[in-house]
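The block underneath contains the structure these notes are about, expressed in structure tokens.
Here is how names work: the chains are called A, B, and so on, in the same order as the sequence lines, proteins then strands, and each is numbered from 1. Remember, predicted model here, so these are calculated numbers, not experimental data.
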2 protein chains.
Amino acid sequence: MGNARKISMKTLERIVLYKRILGDLAAKGQKTLYSHQLAELAHNSPAQVRRDLMITGYSGTPRRGYTTEDLIKKISVTLNETAEQKIALVGIGNLGRAILAYFNYQQPSFSIAAAFDSDETRVDRVIAGCRCYHLREFESKVKELGVTLGIVTVPASSAQTVADMMVSAGIKAILNFAPVPLKVPSNVFADRIDITMALEKIAYLASIK
Amino acid sequence: MGNARKISMKTLERIVLYKRILGDLAAKGQKTLYSHQLAELAHNSPAQVRRDLMITGYSGTPRRGYTTEDLIKKISVTLNETAEQKIALVGIGNLGRAILAYFNYQQPSFSIAAAFDSDETRVDRVIAGCRCYHLREFESKVKELGVTLGIVTVPASSAQTVADMMVSAGIKAILNFAPVPLKVPSNVFADRIDITMALEKIAYLASIK
DNA sequence: TATTACTTGTGAAATAAGTCACAATGTGAA
DNA sequence: TTCACATTGTGACTTATTTCACAAGTAATA
Ligand SMILES: NC(=O)c1ccc[n+]([C@@H]2O[C@H](COP(=O)([O-])OP(=O)(O)OC[C@H]3O[C@@H](n4cnc5c(N)ncnc54)[C@H](O)[C@@H]3O)[C@@H](O)[C@H]2O)c1
Ligand SMILES: NC(=O)c1ccc[n+]([C@@H]2O[C@H](COP(=O)([O-])OP(=O)(O)OC[C@H]3O[C@@H](n4cnc5c(N)ncnc54)[C@H](O)[C@@H]3O)[C@@H](O)[C@H]2O)c1
């Protein structure tokens with residue numbers, strides 16, 4: 001869309017975090033803050049914060065810092081959060097259900113519009129306010145509901161098949177919890193959250209301390 | 001421990017992935033492979049694979065490539081996987097239970113030794129083979145069982161308190177699922193998996209495609 | 001009003017990560 | 001055995017990210 005400047009992955013991740021921190025502060029009534037305060041809360045440096053905020057185009061004022069509400073709004077615009085996006089989750093297992101339950105409470109710029117599974121015993125019900133359908137209804141529901149994002153919580157062996165289905169249904173970005181990299185066309189973005197890998201990582205880091 | 005060379009986070013993450021891929025190939029009977037094949041499966045470049053493998057000290061042979069089993073062993077040694085590590089999970093909610101259920105099936109170089117919660121109704125039972133205790137028993141159980149790793153799956157408001165408790169019980173590394181950075185002393189490592197952030201990230205990336 | 005004391009935004013430098021490209025080398029074929 | 005050649009390991013280069021450091025600017029104070 002509009003945003004001319006390209007945001008690096010690292011900066012993207014941090015400004016999402018900044019927005020959340022700012023939201024908490026705003027809820028507590030804090031009107032302004034300095035880069036060093038945001039840095040403290042985000043566990044990084046003031047220079048990093050200021051550099052990251054450059055891409056939003058928002059300018060603080062010297063000596064006064066940033067206005068909480070304005071900065072939140074500017075980050076939201078930068079993140080194109082104007083239009084709410086809909087998510088389809090595939091794989092109503094333990095992890096899938098935890099995610100469904102969680103994102104019902106939350107109300108960010110996206111919502112899980114529908115969930116799917118290939119197991120007949122897991123479909124045709126409502127979990128945490130989200131309807132569960134059989135996988136065969138995937139493409140039609142995605143199109144009907146205007147889904148643009150996908151969450152993959154199926155076993156690794158089925159993850160690529162599910163991703164392919166998402167791509168052909170027109171989904172634009174996928175978050176994959178299966179421990180296998182997905183192959184998607186270059187006009188689709190796929191990210192992976194690999195919990196096992198994260199554990200092996202901390203196991204290594206504990207072992208060298 | 002022994003490992004002189006410092007592994008970068010990026011390389012660490014990738015060699016963990018390589019090991020898993022190699023394990024799958026070995027299970028299917030593949031004896032050797034080339035850097036370009038591993039790159040294909042890991043979704044990166046052959047040069048990246050070879051560069052990453054340098055820190056293991058393992059050398060393949062030109063024209064024949066890498067011997068699957070040998071490379072797996074060398075990565076395991078690099079990752080100090082000789083001694084199995086024990087994990088304590090705190091927060092037996094939706095996500096915590098999904099994780100408990102999952103890591104019971106798996107048998108890697110670590111296992112979840114005990115789970116804890118502050119809610120009386122969630123303790124004194126066994127979930128997926130893992131005993132659940134009240135949080136007040138945390139320190140004694142951690143020491144009794146020799147736990148070195150912690151998983152935090154409590155609400156954001158309690159995450160820092162739980163982390164502090166883990167640190168004072170002697171835990172060396174923490175994996176945190178709460179959407180808030182943890183403050184830990186420099187001899188402890190804290191990593192965070194932020195699912196909401198990952199979703200906001202793909203939402204942004206979908207919006208610019 | 002002039003001055004002081006901080007904070008911002010950002011070029012420039014430093015560091016980290018990734019890619020290229022090629023000499024060295026072992027393999028399999030003849 | 002000899003040779004052709006695909007593959008490895010790595011120095012050098014490129015690109016990305018972070019940090020430094022300081023001019024410019026604003027609010028508070030006197
Ligand atoms: N639960 C965890 O803590 C955890 C940790 C690490 C990785 N993971 C990964 O997350 C994924 C889900 O884990 P889980 O614990 O929820 O597993 P699970 O077995 O509880 O759930 C998997 C679900 O996917 C469904 N499914 C299987 N094949 C399907 C297909 N082709 N189409 C649609 N649905 C299908 C199953 O019916 C089941 O409901 C797995 O890839 C797993 O490796 C989970
Ligand atoms: N479930 C998800 O998909 C999801 C997604 C994003 C983030 N998260 C984060 O993961 C964490 C857990 O999420 P969840 O969905 O499992 O929540 P949940 O409410 O289902 O579970 C939280 C558990 O922690 C326990 N708890 C609360 N305070 C505690 C304390 N001080 N000590 C010990 N136990 C305590 C509660 O009794 C409960 O059992 C939260 O921080 C949440 O923000 C979860």
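- In this structure, CE of Met9(A) is placed 10 Å from P of dT17(D), rounded to the nearest angstrom.
- For Arg14(B) and dG18(C), the CZ to P distance is 4 Å, given to the nearest whole Å.
- Leu38(A) places its CG atom 14 Å from the C1' atom of dT7(C), with the value rounded to the nearest Å.
- Listed pair Thr61(A) / dT26(D) fails the phosphate criterion, with no side-chain N or O lying under 4.0 Å from OP1 or OP2.
- In this structure, Glu13(A) atom CD and dT18(D) atom P are separated by 10 Å, rounded to whole Å.
- Within 4.0 Å of Thr11(B), counting heavy atoms only, lies no atom of the nucleic acid at all.
- In this entry the distance linking CD of Glu40(B) with P of dT7(D) reads 14 Å, nearest Å.
- Nearest to the side chain of Arg51(B), among dA12(C), dA17(C), dG11(D), sits dG11(D).
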- prompt: Could you walk me through whether Arg97(A) and Ile92(A) pass the side chain to side chain contact (heavy atoms under 4.5 Å, CB included) check?
  reply: CA-CA 6 Å; Arg97(A) 284 193 302 267; Ile92(A) 311 171; 3.7 Å; yes

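- Look at Ser35(A) and you won't find any side-chain N or O under 4.0 angstrom from OP1 or OP2 of dT7(C).
- Projected onto DNA chain C by closest heavy-atom contact, Gly60(A) and Lys10(A) fall at different nucleotides, the more 5' of which corresponds to Gly60(A).
- The 5' end of DNA chain D is approached more closely, in terms of each residue's nearest nucleotide, by Gln48(A) than by the other of Gln48(A) and Arg64(A).
- Arg63(B) contributes no side-chain N or O that forms a donor-acceptor pair with the base of dT8(D) under 3.5 Å.
- Of the candidate nucleotides dT8(C), dT7(D), dT10(C), dT7(D) has the atom lying nearest to any side-chain atom of His36(B).
- Set against dA21(D), dC20(D), dA17(C), the side chain of Arg50(A) has dA21(D) as its closest nucleotide.
- We find that OH of Tyr34(A) is positioned 16 Å from C1' of dG9(C), with the value rounded to whole Å.
- Nearest-nucleotide assignment on DNA chain D puts the 5′-proximal partner with Tyr66(B), out of Tyr66(B) and Ser8(A).
- Panel note: side chain Asp70(B), backbone Lys74(B); no donor-acceptor pair is recorded below 3.5 Å.
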